[in-house]
Chemist: 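Take a look at the following structure, please.
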Amino acid sequence: MKSTDRRCFLALASAAGLSSMLPAAYRANAKAQTMIKAGGIEISTYSDGFLTLPPDMFATNVDTAQRTKALQSAGQIGTTVKSPINVTLVRNGKNLIMIDAGSGSRFMSTAGRLAAELEGAGIDPKAVTQVVYTHAHPDHIWGTTDDFDELSFPNAIPYISEAEWAFWTAEDAINRVPKDRQSFVVGAQRNLEAIKDRIKLMKPGQDVVTGVHILATFGHTPGHVSIEVGTGNDRVVVLGDALTHPVISFEHPEWHPASDQLPDQAVTTRKRLLAKLAADRTRIIGYHLPPPGLGYVEKKANAYKFVSVTN
Ligand SMILES: [Zn+2]
């Protein structure tokens, strides 16, 4: 079914009261995970499902017992770990801005729910005016195109950092990653190709629109950025994957998750971010922090603590 036909089918099914016949992924959830404001700008998050990951991905430079203990203290036991995915939507006047585009249907069967969640909440993907990518890993950019290789947000202007674009589109990009990550390059290139004619390259320090500001948080990937939304003291930092785990990233910022491409730089970035976020008590939204992804950072002994906020 083409995506336009699928949308038609959904509208018909819903009008006919057939929503109980729809697959679970298409059933209306009809609300965001959270809805907050910063500097008058509306910010909400939607679930893209979750990643299913092996525990050893969460820290590669510590022994198993230490890692297991940290995962356990986040309630994560067993041979696989669920890592939630929270995608942020910013509404600022006439701008409707997605921060990242979710995983799409080709990455993991437990991820890729974003389109259905937005549909359930009554958000028309055609109304999205900008998509700002934190980085080009699969769970952030593969949702740029749908099952039919059509753009998921056909009217949006895409933004990505210059450094991130340069890394993934380099001719030898495939040789710059380990063998088991080469599919990340293929997927990033497929999705970047689909938006290359309209993409805007940005630098940290720039604003996408007033109140939506780009911060350098390099390390997880070479051009990873976070997005600061709001004004003055009323701000929220949408972290992307600068801080990914509610215990490990905060209490052990020096540990190396396997997903960090430049591990030392990622550690430096985490420590700098944590110190600043705790001092300013800035609200944060983490792409992989417990739903809705919202909280803040508190100083704790020699490290930090994530305080989750649900509303
Ligand atoms: Zn991620």
Side-chain angles (χ1 to χ4, degrees), residues 33 45-60 71 74 76 80-89 98-115 117 131-144 152 158-161 163-164 167-168 177-178 180-181 183-188 190-192 215 217-227 237-250 253 255-263 265-267 269-270 273 284-295 306:
Q33 296 186 119
T45 71
Y46 294 86
S47 174
D48 189 43
F50 58 91
L51 301 177
T52 310
L53 302 170
D56 57 2
M57 271 206 65
F58 286 82
T60 56
L71 289 172
Q76 294 165 325
T80 57
V81 175
K82 287 183 182 179
S83 177
I85 307 172
N86 313 296
V87 190
T88 298
L89 182 67
M98 294 292 320
I99 301 182
D100 292 323
S103 311
S105 57
R106 295 182 170 117
F107 185 44
M108 280 188 190
S109 60
T110 54
R113 287 190 52 88
L114 181 65
E117 291 291 316
V131 177
V132 184
Y133 296 99
T134 59
H135 65 298
H137 275 167
D139 48 322
H140 300 254
I141 203 169
W142 286 19
T144 297
S152 304
Y159 288 74
I160 195 164
S161 84
E164 192 71 359
F167 177 81
W168 295 101
V177 297
D180 62 351
R181 293 294 167 89
S183 65
F184 285 21
V185 176
V186 175
R190 184 181 65 238
N191 284 283
L192 290 172
L215 300 175
T217 49
F218 298 163
H220 179 69
T221 60
H224 185 284
V225 296
S226 300
I227 320 296
V237 174
V238 183
L239 294 163
D241 284 2
L243 302 167
T244 49
H245 189 272
V247 174
I248 290 173
S249 305
F250 294 78
W255 290 8
H256 293 171
S259 55
D260 284 351
Q261 287 182 228
L262 302 169
Q265 193 178 21
V267 168
T269 292
R270 268 195 290 281
L273 254 183
I284 55 174
I285 293 175
Y287 203 72
H288 299 295
L289 294 177
L294 176 68
F306 173 60

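Both ligands and their constituent atoms are indexed starting at 1 by order of listing. Numbers for residues simply follow the sequence, beginning at 1.
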Chemist: Could you label the plane-to-plane angle of the H135 and H140 rings as parallel, tilted or perpendicular, counting under 30° as parallel and over 60° as perpendicular?
Modeler: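 It falls in the tilted class, 30° to 60°.
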
Chemist: Restricting to N, O or S atoms of D139, which is nearest to the Zn ion (ligand 1)?
Modeler: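 Per the distance ranking, D139 contributes OD2 as its closest N/O/S atom to the Zn ion (ligand 1).
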
Chemist: Rounding to 10°, state the angle centred on the Zn ion (ligand 1) that links NE2 in H140 with NE2 in H288.
Modeler: 120°

Chemist: With a 3.5 Å cut-off and no angle check, do the side chains of T88 and Y46 form a donor-acceptor pair?
Modeler: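 T88 vs Y46: no donor-acceptor pair found between side chains.
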
Chemist: Tell me which N, O or S atom of D241 sits nearest to the Zn ion (ligand 1).
Modeler: OD2

Chemist: Looking only at atom types and distance, does a side-chain atom of R113 sit under 3.5 Å from a main-chain N or O of G49, one as donor and one as acceptor?
Modeler: no

Chemist: Looking at the rings of H137 and H224, which for Trp means the six-membered one, are their centres under 6.0 Å apart?
Modeler: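 When the ring centroids of H137 and H224 are compared, they turn out to be at least 6.0 Å apart.
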
